[in-house]
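Numbers for residues simply follow the sequence, beginning at 1. Atoms within a ligand are numbered from 1 in the order they appear, just like the ligands themselves.
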Amino acid sequence: MYTLQPLSYDYSMLEPFIDAATMEIHHSKHHQAYVNNFNKALENNPELQNRTPEDLISNLNTLGIDETTKTAIRNHGGGVINHNFFWSIMDPNNQPNAKLTEEIIAIFGSVEELKKQFSETALKHFGSGWTWLVREASGALKIYSTSNQDSPLTLGHEPLLTIDVWEHAYYLKYQNRRVEYIENWWKTVKLI
Ligand code: MN
């Protein structure tokens, strides 16, 4: 059985950018539901239960399981790990990562340019999903969005940054103002 990983900070610690009520519902209801449904998806596959969700999502296409179970793992296992990663990106205890910042400047020209391209990608993503900065196997950094709970791990890419652009991530405070949510979300990111 997989259990919901507790946050390493209080729900109120991202105020005023991400409000405590959104954080609490997002973590204790939405994220918990992904955990519950992920466990359900593995009920009939005991051989998968000892593997981490990251491992299952990374090897999704070679697990040798039926399509229904595969879809359930992609959606709910993806929901589990994407949220764990998202919470870690916004951790107020994070320190700037000089190596990542240097890499970003080398590829995008500046941190501001990375933020601009990332924000535009997040803004124009249609429907539910996530926007990512990833490192490909070649070492190249790329920005793209995935739909639903699809993870870059399935593509063999290492996630470096992510924003949740499902409406449940911002609707309570920002309603339809995704652009304002994205701008304020950056203020929670201490890594770059
Ligand atoms: Mn979410």
Side-chain angles (χ1 to χ4, degrees), residues 1-42 52-54 56-58 60 70-94 115 118-134 143-155 157-191:
M1 283 285 279
Y2 192 82
T3 53
L4 179 66
Q5 213 169 282
L7 280 194
S8 55
Y9 49 91
D10 291 343
Y11 291 137
S12 62
M13 282 185 75
L14 304 180
E15 292 270 11
F17 312 118
I18 310 289
D19 59 297
T22 296
M23 285 298 290
E24 182 170 5
I25 295 166
H26 200 171
H27 180 256
S28 71
K29 306 291 186 201
H30 291 277
H31 196 182
Q32 180 71 61
Y34 288 112
V35 169
N36 297 346
N37 287 318
F38 178 56
N39 284 325
K40 244 179 248 168
L42 299 182
T52 65
E54 286 82 1
L56 295 178
I57 293 292
S58 298
L60 191 62
K70 182 177 164 183
T71 301
I73 292 175
R74 182 168 70 227
N75 290 341
H76 304 298
V80 169
I81 63 171
N82 291 346
H83 285 95
N84 281 340
F85 186 64
F86 182 55
W87 309 136
S88 77
I89 290 298
M90 300 190 292
D91 190 329
N93 303 310
N94 283 344
K115 287 184 176 179
F118 186 99
S119 298
E120 281 169 3
T121 305
L123 184 60
K124 72 180 185 210
H125 179 70
F126 182 75
S128 297
W130 298 76
T131 298
W132 305 88
L133 174 70
V134 302
I143 296 167
Y144 59 77
S145 296
T146 58
S147 288
N148 305 314
Q149 294 295 349
D150 290 356
S151 164
L153 292 181
T154 305
L155 303 168
H157 299 164
E158 178 193 353
L160 301 173
L161 289 176
T162 196
I163 183 170
D164 188 342
V165 293
W166 283 61
E167 283 189 344
H168 69 226
Y170 61 89
Y171 203 84
L172 202 58
K173 182 178 172 73
Y174 295 102
Q175 292 82 49
N176 63 331
R177 303 187 304 278
R178 191 189 280 192
V179 69
E180 204 180 310
Y181 160 63
I182 296 166
E183 277 170 22
N184 280 329
W185 169 78
W186 276 117
K187 296 172 188 161
T188 72
V189 179
K190 309 266 187 279
L191 292 171

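- No side-chain donor from either of Y11 and H26 sits under 3.5 Å from a side-chain acceptor of the other.
- With hydrogens and angles disregarded, a donor-acceptor distance shorter than 3.5 Å links the side chain of K173 to the backbone of P16.
- At a cut-off of 2.8 Å, H31 is not counted among the residues with an N, O or S atom near the Mn ion (ligand 1).
- The NE2 atom of H168 and the NE2 atom of H83 subtend an angle of 140° at the Mn ion (ligand 1), given to the nearest 10 degrees.
- A 6.0 Å sphere centred on NZ of K187 holds more than 12 heavy atoms belonging to other residues, nucleotides or ligands.
- Not one N, O or S atom of H30 sits under 2.8 Å from the Mn ion (ligand 1).
- Take the Mn ion (ligand 1) as the corner point: the lines to OD2 of D164 and to NE2 of H26 open at 90°, to the nearest 10 degrees.
- Between Y34 and H76, the ring-plane angle classifies as tilted under the 30° and 60° cut-offs.
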